[in-house]
Protein chains: 2
Amino acid sequence: MNTPSHFFLSENNIPFRDYLKFGLSVDCVVFGYNEGKVQVLLIERNAEPFKGSWALPGELVPMNANLEDSANDVLKNLTGLSNIFMEQFFTFGSVDRHPAGRVATVGYYSLVGSNNYRPIASSWAKSIRWFDIDDLPALAFDHKRILQKGINTLKRRVRYRPVGFELLSKKFTLSELQDLYEALLDSKFDKPNFRKKILSMDLLIQLDELQENVSHRPAKLFKFDENRYRLLREDGFVFDI
Amino acid sequence: MNTPSHFFLSENNIPFRDYLKFGLSVDCVVFGYNEGKVQVLLIERNAEPFKGSWALPGELVPMNANLEDSANDVLKNLTGLSNIFMEQFFTFGSVDRHPAGRVATVGYYSLVGSNNYRPIASSWAKSIRWFDIDDLPALAFDHKRILQKGINTLKRRVRYRPVGFELLSKKFTLSELQDLYEALLDSKFDKPNFRKKILSMDLLIQLDELQENVSHRPAKLFKFDENRYRLLREDGFVFDI
DNA sequence: TCAAAAGTGTTCCGAATACACCCATGC
DNA sequence: GCATGGGTGTATTCGGAACACTTTTGA
C-alpha cells in the first residue's frame with residue numbers, strides 16, 4: 001500500500017480508504033440426498049446476532065484468505081472433508097443485510113455424497129442437521145433468500161451439467177440416479193427411456209459389482225467417467241438431461 | 001451499529017471490526033452486437049492504477065449503495081441509459097487482485113441493443129470504445145479473466161434463456177436473430193429450420209412493418225413477447241435454442 | 001411361488017435435418 | 001432481367017415417449 005493516495009480518489013473526491021469498510025463473508029448451501037429427498041445442512045447459531053436461529057454455515061473472510069479457501073474452510077469444519085464439489089452462485093450485498101455493518105456475502109453451494117458427510121458441531125454451531133428442502137425452518141439474516149437462490153441455481157444447473165452425480169456415492173445404481181433426478185427436477189421418468197438416454201451419453205462406467213442385501217434382483221453399480229466428460233466437453237459436448 | 005462488539009468475535013477472537021476492511025467494486029461486461037460481431041465496451045482508464053490501460057467499466061461501491069444500483073450507475077454513466085438488461089455472474093476476490101488494498105469485485109454483464117447505446121467518455125475514462133470479443137486488448141487488473149468469464153457465461157446462458165433478444169433493437173428480422181445466435185454460439189443454422197423452430201415457440205410477435213431501404217425483398221419485423229414468455233415460464237417452459 | 005425391482009425390445013410419433021424451391025425488391 | 005436475401009414446403013432421419021415384456025434375487 002505504498003501507492004500515493006491521490007491515485008485512488010474517486011470522481012466525487014471520496015478518498016480510497018473510505019471505501020474499504022466492507023466485511024465479506026461466504027455462506028454455503030450444502031446439499032445432500034437421502035432416501036429420495038434433497039436436503040440442506042443448516043446450523044443453529046451459537047453466537048449473536050441471531051443466536052439460536054437456524055442459518056447457513058458461513059464465515060467472515062479473513063483479510064488474507066481467498067474466497068474459495070474460506071468456503072472450503074467452512075465445509076472442512078462442517079463435514080471434516082476437503083475436496084468437496086463446490087461452486088459459487090451469487091453475491092448478496094444489500095446495504096442493510098447485516099445488523100452490525102456493511103457485510104456482503106458470497107454464496108456457494110456444494111454437493112456431498114450421501115455417505116460422505118459427518119456433520120460436526122463446533123463452537124459456532126449449537127447444533128447442526130439436515131433439512132429436506134421442502135420443509136425448512138426460519139433462517140437468520142437474509143439466509144432464506146440465499147438458500148432459495150441456491151436451490152433454484154442447483155435445479156437449473158443440474159439440467160445442463162453432470163453435477164447430480166456428486167450427490168450420490170461414488171458407486172451408484174441407475175435407479176438411484178433416476179430417483180435423484182426425479183427429486184431434483186420434480187418430475188417422473190420412464191425407466192427404460194431414462195436408462196437408454198443416460199447410457200447413450202457414454203459417461204458412465206459399469207463396474208464389476210452388484211448391489212448387495214436387497215430382496216430383489218441386485219442392480220449393477222456404475223461410476224461417473226470424469227475423464228470422458230472432460231474429453232467430450234472439449235469437443236463442445238453439452239450435457240443435457 | 002450499537003450492538004456490543006463481543007457479539008461479533010469470531011472463533012479465533014479477532015474482533016469483528018478487523019474484518020471490515022474490504023473494498024467492494026462492480027465491474028460491467030457490456031455486450032453489444034454489430035454487423036455480425038459480438039462486442040464489449042471497454043474504457044481507457046484515466047486514473048491510477050493502470051492509467052492508460054484498457055479496462056472494464058466499473059466503480060467502487062459506496063458504503064450506502066446496493067450492488068445493483070452501483071452497477072446501474074456505471075451503465076448510466078457509460079451509455080446514458082437506465083433500464084438496461086443486466087445480470088450478476090461472478091464475484092472475484094483474490095487477495096492480490098488489487099494493488100492498493102483488498103478489493104473484491106462483483107461481475108455483471110449487460111446487453112445493450114445495437115441502436116440503443118451512445119458511449120459517453122467521462123472523467124474516469126480517457127476514451128471508450130467497442131471491441132470485438134475475438135480481438136481484445138490487454139486489460140488492467142484481472143479484468144481479462146473477468147471478461148472471459150463474462151463471455152463464457154453469456155454463451156452458456158444464451159442457450160437456455162431468451163437473453164439474445166436484448167442485443168437486438170426492439171424490432172428485428174428473423175435473419176438478424178439468426179445471425180446473432182450464430183455469432184454467439186459460433187455455429188451455422190439452416191434458415192428454414194431456424195425460422196420454424198423459433199416461430200414454433202410462439203415467443204415472437206409479428207409486426208405490421210417491413211424492413212426498408214434494402215435492395216431485396218424486405219423482411220418482416222418481429223418483437224419479443226415478454227408477457228407470453230412470463231406465462232410460459234410459469235408453466236415450466238424452458239427456453240432452449 | 002410370489003413380490004419386487006432390475007433390465008430389454010419394439011412400436012410410434014414428433015421434432016430436427018437436409019434441401020429444393022418460390023417471392024419481392026433495387027438496380 | 002438478375003442479383004440478393006426473404007420466405008415456404010416436403011421427404012427423411014433420428015431421438016424421445018409409451019409400453020409390454022423377461023430376468024434375478026430374497027423370502
Side-chain angles (χ1 to χ4, degrees), chain A residues 35-36 158-160 162 168-169 171-183 185-223 232 235-241, chain B residues 33-37 114 158-160 162 168-169 171-183 185-223 232 235-241:
Chain A
E35 291 168 17
V158 83
R159 297 179 58 95
Y160 311 118
L168 299 171
S169 338
K171 307 170 182 178
F172 51 85
T173 71
L174 292 183
S175 292
E176 283 164 3
L177 187 63
Q178 180 174 349
D179 288 345
L180 170 59
Y181 272 102
E182 289 180 348
L185 299 172
D186 44 323
S187 48
K188 285 282 173 192
F189 302 112
D190 176 82
K191 182 172 45 138
N193 294 335
F194 182 83
R195 310 181 122 252
K196 263 178 284 185
K197 179 159 185 173
I198 217 81
L199 289 175
S200 72
M201 288 190 216
D202 223 11
L203 282 172
L204 300 186
I205 298 174
Q206 184 182 323
L207 304 170
D208 277 333
E209 287 181 76
L210 295 178
Q211 232 179 357
E212 282 173 7
N213 299 319
V214 286
S215 78
H216 56 76
R217 175 172 175 179
K220 291 169 185 161
L221 292 174
F222 292 82
K223 68 172 188 180
L232 285 174
D235 291 350
F237 166 82
V238 183
F239 180 86
D240 194 343
I241 199 80
Chain B
Y33 175 67
N34 236 322
E35 290 168 17
K37 293 283 191 181
S114 45
V158 84
R159 296 178 58 94
Y160 311 118
L168 298 170
S169 338
K171 307 169 184 179
F172 50 85
T173 71
L174 293 182
S175 291
E176 282 164 3
L177 187 63
Q178 180 174 350
D179 288 345
L180 170 59
Y181 272 102
E182 289 180 346
L185 300 171
D186 43 324
S187 48
K188 283 283 174 191
F189 301 112
D190 177 81
K191 184 174 42 144
N193 295 335
F194 182 83
R195 310 181 123 253
K196 263 180 285 186
K197 177 159 186 174
I198 216 83
L199 288 174
S200 73
M201 289 190 215
D202 224 9
L203 282 172
L204 299 187
I205 299 174
Q206 183 180 323
L207 303 170
D208 277 334
E209 287 181 74
L210 296 178
Q211 233 179 355
E212 280 172 8
N213 299 320
V214 285
S215 78
H216 55 75
R217 176 173 172 179
K220 291 170 187 161
L221 292 175
F222 292 81
K223 69 172 186 180
L232 285 174
D235 291 349
F237 167 82
V238 183
F239 181 86
D240 195 342
I241 199 80

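In this text, all values refer to a predicted model and were calculated from it rather than measured experimentally. Lettering of chains follows the sequences in order, A, B, ..., and the numbering in each one begins at 1.
At a cut-off of 3.5 angstrom, the base of D:dA18 holds at least one donor-acceptor pair with the side chain of A:Asn193. For B:Lys197 against C:dA15, no side-chain N or O and base N or O form a donor-acceptor pair under 3.5 Å. Residue side chain B:Lys196 reaches the base of D:dT10 through a donor-acceptor N/O pair under 3.5 Å, judged by distance alone.
More than 12 non-hydrogen atoms from other residues, nucleotides or ligands lie less than 6.0 angstrom from CG of B:Asp235.
Residue B:Lys220 is classed as a sugar-phosphate contact, given heavy-atom separations below 4.0 Å to backbone atoms only. Within 4.0 Å (heavy atoms only), A:Ser175 reaches sugar-phosphate atoms of the nucleic acid but no base atom. The residue B:Pro192 sits close to a base: some heavy atom pair falls under 4.0 Å.
Ring centroids of A:Phe189 and A:Tyr181 are separated by 6.0 Å or more, keeping the two rings apart.
Between atom OG1 of residue B:Thr173 and atom NZ of residue B:Lys220 there is a gap of 12.5 Å, rounded to the nearest 0.5 Å.
Minimum interatomic distance between A:Met201 and A:Asp240 (heavy atoms only, all atoms of both residues): CE-O, 3.8 Å.
Whole-Å rounding puts the A:Asn213 CG to D:dG26 P distance at 9 Å. Residue B:Glu212 contributes atom CD, which lies 17 Å from atom C1' of D:dG5 at whole-angstrom precision. Computed from coordinates, the A:Gln211 CD to C:dA6 P distance equals 7 Å when rounded to whole Å. One interatomic measurement links the two molecules: CG of A:Leu174 to P of D:dT23, which rounds to 20 Å at whole-angstrom precision. Between the CG atom of A:Leu199 and the P atom of C:dG9 there is a distance of 12 Å, rounded to whole Å.
Remark on DNA chain D: of its neighbouring residues A:His216 and B:His216, the 5'-side contact belongs to B:His216, judged by nearest-heavy-atom nucleotide.
Distances were taken from every side-chain heavy atom of A:Ala219 (C-beta onward) to each of D:dT25, C:dG7, C:dA24; the shortest belongs to C:dG7. Which of D:dT24, D:dG26, C:dA18 sits closest to the side chain of B:Asp190 comes down to C:dA18.
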